[in-house]
Amino acid sequence: MNIALWIITGLLTAVYLFSGFGKLFVPREKMAGMADSARWVLDFKPGTLKAIGALEILGAVGLILPALLGIAPILVPLAASGLTLIMTGAMIMRIRRGETKAALGDGGYLALTAFVAIGRFALEPFTG
């Protein structure tokens, strides 16, 4: 279980870092033009997108850094819980926009972040 949690945590960290930096540094109009599933960014102000991106980066760092450094490892499941909330909001937004396939993808990330949160809170916590 511990190995599975580390693997999923590593993958989620990469995904959220990539996504967060994209929201921080790629202009909104350019993001919207990348794919139909990215047009949602036009529904938000640039400042809101930057805030979401910053939260994703903080969440990604919180998924891995506290455990690696051994400093306040309780932050790992808390970061996973925060990312679960972000993905819940993403799913709600996708469903409202009628983007079912994208909502399913967001649901996958939601399930993985929830698995890490539950895993590190109860199944394989870092502290005894």
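Along the sequence shown, residues carry numbers from 1. Computed from heavy atoms alone, side chains included, the values below leave out hydrogens, waters and symmetry copies.
- M91 and L85 fall into different hydrophobic clusters, defined by Ile, Leu, Val, Met, Phe, Trp and Tyr side-chain heavy atoms under 4.5 Å apart, directly or through other members.
- Nearest approach of E56 to S19, heavy atoms of both residues: OE1-OG, 2.8 Å.
- In this structure, L83 is not a member of the same hydrophobic cluster as L104, with clusters built from ILVMFWY side-chain heavy atoms closer than 4.5 Å.
- One hydrophobic cluster holds both L55 and Y16 under the rule that ILVMFWY side chains link at heavy-atom gaps under 4.5 Å.
- A donor-acceptor pair is defined here as one N or O able to donate and one able to accept, closer than 3.5 Å; such a pair exists between the side chain of S81 and the backbone of P77.
- With sequence neighbours left out, the side chain to side chain contact (heavy atoms under 4.5 Å, CB included) criterion links L65 to V61, L69.
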Acceptor/donor pairs from residues 111-119 side chains to any protein atom, 3.5 angstrom cut, sequence neighbours excluded:
{"from": "T113", "atom 1": "OG1", "to": "T84", "atom 2": "OG1", "distance (Å)": "3.0"}
{"from": "T113", "atom 1": "OG1", "to": "Y109", "atom 2": "O", "distance (Å)": "3.1"}
{"from": "T113", "atom 1": "OG1", "to": "L110", "atom 2": "O", "distance (Å)": "3.0"}

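- Evaluation of the side chain to side chain contact (heavy atoms under 4.5 Å, CB included) rule for L42 yields R28, A32, R39 as partners, not counting sequence neighbours.
- From L58, atom CG reaches atom CD1 of I86 across 9.0 Å, with rounding to the nearest 0.5 Å.
- Minimum interatomic distance between M31 and V26 (heavy atoms only, all atoms of both residues): CG-CG1, 3.3 Å.
- Between P66 and A72, the shortest heavy-atom contact is CB-O, 3.5 Å.
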Which pairs of donor and acceptor atoms, one on a side chain in residues 94-103, lie under 3.5 Å apart (sequence neighbours left out)?
{"from": "R94", "atom 1": "NE", "to": "D106", "atom 2": "OD2", "distance (Å)": "3.1"}
{"from": "R94", "atom 1": "NH1", "to": "S37", "atom 2": "O", "distance (Å)": "2.6"}
{"from": "R94", "atom 1": "NH1", "to": "E99", "atom 2": "OE1", "distance (Å)": "2.7"}
{"from": "R94", "atom 1": "NH2", "to": "S37", "atom 2": "O", "distance (Å)": "3.4"}
{"from": "R97", "atom 1": "NE", "to": "E99", "atom 2": "OE2", "distance (Å)": "2.9"}
{"from": "R97", "atom 1": "NH1", "to": "D43", "atom 2": "OD1", "distance (Å)": "3.4"}
{"from": "R97", "atom 1": "NH1", "to": "D43", "atom 2": "OD2", "distance (Å)": "2.5"}
{"from": "R97", "atom 1": "NH2", "to": "E99", "atom 2": "OE2", "distance (Å)": "3.1"}

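- Relative ring orientation between F21 and F25 is described as parallel, the plane-to-plane angle staying below 30° on a 0-90° scale split at 30° and 60°.
- Applying the side chain to side chain contact (heavy atoms under 4.5 Å, CB included) rule to L24 yields the partners K50, I57; only residues at least two apart in sequence or on another chain are considered.
- Residues meeting the side chain to side chain contact (heavy atoms under 4.5 Å, CB included) test with I64, sequence neighbours left out: W6, T9, T13, L68.
- Note that CG of L63 is 11.0 Å distant from CG of L11, once rounded to the nearest 0.5 Å.
- For N2, the CG atom counts as densely surrounded, since its 6.0 Å shell holds more than 12 non-hydrogen atoms of other residues, nucleotides or ligands.
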